[in-house]
Participant: 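Sending over a structure as structure tokens; questions will come in a sec.
Below, all heavy atoms of this structure are taken into account, side chains as well, without hydrogens, waters or symmetry copies. Residue numbers start at 1 and run along the sequence shown.
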Amino acid sequence: MTAKQSIVLGIEQRVQRSKVPNYKSWRIGITHDLQRRYEDWEKPPHFLYWEADSLQDAQAIEAHFIHQKGMVGGTGGDLSARKMAYVYIF
């Protein structure tokens, strides 16, 4: 299993285990700075993240969950392919 597939599976499993297994109740995003993003979102209690192999993989995962599953989020942002990318949900 690739890291990308593992992230997708992890997100799907987390949503299904939640009290409200509805993708529309969850937010997804990408960041280079987890601590800053966590604080920007006011420290949500169910904040989870995964390290992606590349920015391209992270963007594909984010787009999949926004466009196919209905998660809240946006596919923009000022991100660099030269830095570590993390996919986060809450």
Participant: Calculate, to the nearest 0.5 Å, the distance between atoms OG and CD belonging to Ser6 and Gln13 respectively.
Facilitator: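 The OG atom of Ser6 sits 8.5 Å away from the CD atom of Gln13.
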
Participant: Hydrophobic cluster membership, with links at side-chain heavy-atom distances under 4.5 Å among I/L/V/M/F/W/Y: are Val15 and Ile66 in one?
Facilitator: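 In one cluster: yes.
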
Participant: Would you sort out whether Val72 and Lys24 count as a side chain to side chain contact (heavy atoms under 4.5 Å, CB included), showing the intermediate values?
Facilitator: CA-CA 6 Å; Val72 177; Lys24 293 177 184 188; 5.8 Å; no

Participant: If I compare all heavy atoms of Asp57 with all of Asp53, which pair ends up nearest, and what's the gap?
Facilitator: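 Looking at all heavy atoms of both residues, the closest pair is OD2-CB, 3.8 Å.
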
Participant: Please check: side-chain N/O of Gln5 versus main-chain N/O of Thr2, any donor-acceptor pairing under 3.5 Å?
Facilitator: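 Side chain of Gln5 to backbone of Thr2, a donor-acceptor pair under 3.5 Å: yes, one is there.
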
Participant: Please give me the minimum heavy-atom distance between Arg27 and Gly73, naming the atom from each residue.
Facilitator: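 Here Arg27 and Gly73 meet closest at NH1-CA, 3.8 Å.
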
Participant: Give, for atom CD1 of Ile11 and atom CD of Glu62, the distance between the pair rounded to the nearest 0.5 Å.
Facilitator: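 That separation rounds to 9.5 Å.
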
Participant: What distance separates Phe90 CZ from Glu42 CD, expressed to the nearest 0.5 Å?
Facilitator: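 Going from the CZ atom of Phe90 to the CD atom of Glu42 covers 9.5 Å.
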
Participant: Is there side-chain contact between Lys69 and Glu12, with heavy atoms separated by less than 4.5 Å?
Facilitator: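 A side-chain contact under 4.5 Å exists here.
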
Participant: Got a sec: does the OH of Tyr49 have more than 12 other heavy atoms crowding it under 6.0 Å?
Facilitator: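 Counting neighbours around OH of Tyr49, 12 or fewer heavy atoms of other residues, nucleotides or ligands fall under 6.0 Å, so no.
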
Participant: Do you know the tightest heavy-atom contact between Thr75 and Ala63?
Facilitator: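 Closest pair (atom of Thr75, atom of Ala63, distance): CG2-CA, 4.2 Å.
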
Participant: I want to check something: taking the side chain as every heavy atom from C-beta on, are Lys83 and Leu55 in contact at a cut-off of under 4.5 Å?
Facilitator: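 Lys83 vs Leu55: side chains apart.
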
Participant: Using the rule that two of Ile, Leu, Val, Met, Phe, Trp, Tyr join whenever any of their side-chain heavy atoms come within less than 4.5 Å, decide whether Val87 and Val8 are in one cluster.
Facilitator: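 Same hydrophobic cluster.
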
Participant: Is a donor on one side and an acceptor on the other found under 3.5 Å between the side chain of His32 and the backbone of Met84?
Facilitator: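 Such a contact is found between His32 side chain and Met84 backbone.
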
Participant: Looking only at heavy atoms, what is the nearest atom pair of Arg14 and Ile89, with distance?
Facilitator: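 In terms of heavy atoms, the two residues are closest at CG-CD1, 4.1 Å.
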
Participant: Asp40 vs Arg36, test: salt bridge (charged side-chain N to carboxylate O under 4.0 Å, His left out). Steps then yes/no.
Facilitator: CA-CA 6 Å; Asp40 287 349; Arg36 181 174 156 222; 3.7 Å; yes

Participant: Does one hydrophobic cluster hold both Tyr38 and Ile7, with members joined at side-chain heavy-atom distances below 4.5 Å?
Facilitator: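 Shared cluster, no.
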
Participant: Under a single-linkage definition using a 4.5 Å side-chain heavy-atom cutoff for Ile, Leu, Val, Met, Phe, Trp and Tyr, are Trp50 and Trp26 assigned to the same hydrophobic cluster?
Facilitator: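 Hydrophobic grouping puts Trp50 with Trp26.
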
Participant: Is it true that Leu48 and Tyr23 fall in one hydrophobic cluster, defined by side-chain heavy atoms closer than 4.5 Å?
Facilitator: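 Looking at the clustering, Tyr23 is in the same group as Leu48.
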
Participant: Would you find more than 12 non-hydrogen atoms of other residues, nucleotides or ligands less than 6.0 Å from Gln56 atom CD?
Facilitator: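 Incorrect, the count does not exceed 12.
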
Participant: Please tell me if the side chains of Thr31 and Tyr88 come closer than 4.5 Å, counting only heavy atoms from C-beta onward.
Facilitator: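 Side-chain contact under 4.5 Å: yes.
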
Participant: Side chains of Tyr86 and Ile30: closer than 4.5 Å at any heavy-atom pair?
Facilitator: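 They are not in side-chain contact.
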
